[in-house]
Amino acid sequence: MRNAVGFYWTLPVPWAGFTSLPDDIDAAGKLSRTIRYQSELIRRHAKDNHYRLVAEKVFLEIEPDRGSEHVLDALRPLVAICRGHRAALLHVDFSAVQGWRSHGLLTDWARTCGIDIETVYPDEILIDGVLF
């Protein structure tokens, strides 16, 4: 069994008061369907592919309409965790679905960070009985 770290991110919605998330993944997933979707998708991927999740990190972007360089501050500490646990970093690439947002800086970082990155592509899953 290999080790993995799950990384989940979303955009804020300032007009709705959605400007912060707790560090706890399950608590963050109660506030954000996007975070819950990513965590469930990656947890299923990990189980199906014999990964043990040794850590999970949630990140709420600063900009409401795009990914920013602030994601790098959340990603840098994960390099040490991945190296220390010989873990791959798992993340969802939303750009694989037409009309879904991408995060170019995360993608660029993944190409150059020096750790094993595994992209999980979006798929429809049921969350509380609703297809997402």
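Because the structure is a prediction, the values reported are computed rather than measured.
Using modelled atom types, no side-chain atom of Ser32 and backbone atom of Gly29 make a donor-acceptor pair closer than 3.5 Å. Using modelled atom types, one side-chain atom of Gln38 and one backbone atom of Thr34 make a donor-acceptor pair closer than 3.5 Å.
In this structure, CD in Glu69 is found 15.5 Å from CH2 in Trp109, a value given to the nearest 0.5 Å. Atom CG of residue Asp93 and atom OH of residue Tyr121 lie 5.5 Å apart, to the nearest 0.5 angstrom.
Summarising the geometry of Ile35 relative to Ile25, their closest heavy-atom pair is CG2-O, 4.3 Å, with the distance given to 0.1 Å. Nearest heavy-atom pair, Cys82 versus Ile115, reported as atom, atom and distance to 0.1 Å: SG-CD1, 3.7 Å. Closest heavy-atom contact between Thr19 and Pro14: CG2-CA, 3.8 Å. Summarising the geometry of Leu60 relative to Pro12, their closest heavy-atom pair is CD1-N, 3.6 Å, with the distance given to 0.1 Å. What you find for Leu90 and Ala46 is that their closest heavy atoms are CD1-CB, 4.4 Å. Here the closest heavy-atom approach between residue Pro122 and residue Tyr37 is recorded as CA-OH, 3.2 Å.
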| message | Does Leu89 form a side chain to side chain contact (heavy atoms under 4.5 Å, CB included) with Leu75? I'd like the steps, not just the answer. | response | CA-CA 10 Å; Leu89 182 77; Leu75 291 168; 4.3 Å; yes
| Can you check side chain to side chain contact (heavy atoms under 4.5 Å, CB included) on Leu21 and Trp9, steps first, answer last? | CA-CA 10 Å; Leu21 280 173; Trp9 71 278; over 6 Å; no
| side chain to side chain contact (heavy atoms under 4.5 Å, CB included) assessment of Val71 paired with Phe7 | CA-CA 11 Å; Val71 72; Phe7 181 74; 3.8 Å; yes
| Given Leu11 and Phe18, is the side chain to side chain contact (heavy atoms under 4.5 Å, CB included) satisfied, shown in steps? | CA-CA 9 Å; Leu11 298 172; Phe18 181 64; over 6 Å; no
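For residues 70-80, the side chain to side chain donor-acceptor pair (under 3.5 Å) pairs, not counting sequence neighbours, are Asp73-Arg76. Sorted by first and then second residue, the side chain to side chain donor-acceptor pair (under 3.5 Å) pairs with a member in residues 46-58 read Arg2-Tyr51, Asn3-Arg52, Tyr8-Glu56, Arg43-Glu56, His45-Asn49, Tyr51-Glu118; sequence neighbours excluded.
In terms of the side chain to side chain contact (heavy atoms under 4.5 Å, CB included) criterion, residue partners of Ile81 (sequence neighbours excluded) are, by chain and number, Val5, Ala55, Leu78, His85.
Cluster membership for Leu31 and Val13, using ILVMFWY side-chain heavy atoms within less than 4.5 angstrom, is shared.
Surrounding CZ of Arg86 are at most 12 heavy atoms belonging to other residues, nucleotides or ligands under 6.0 Å away.
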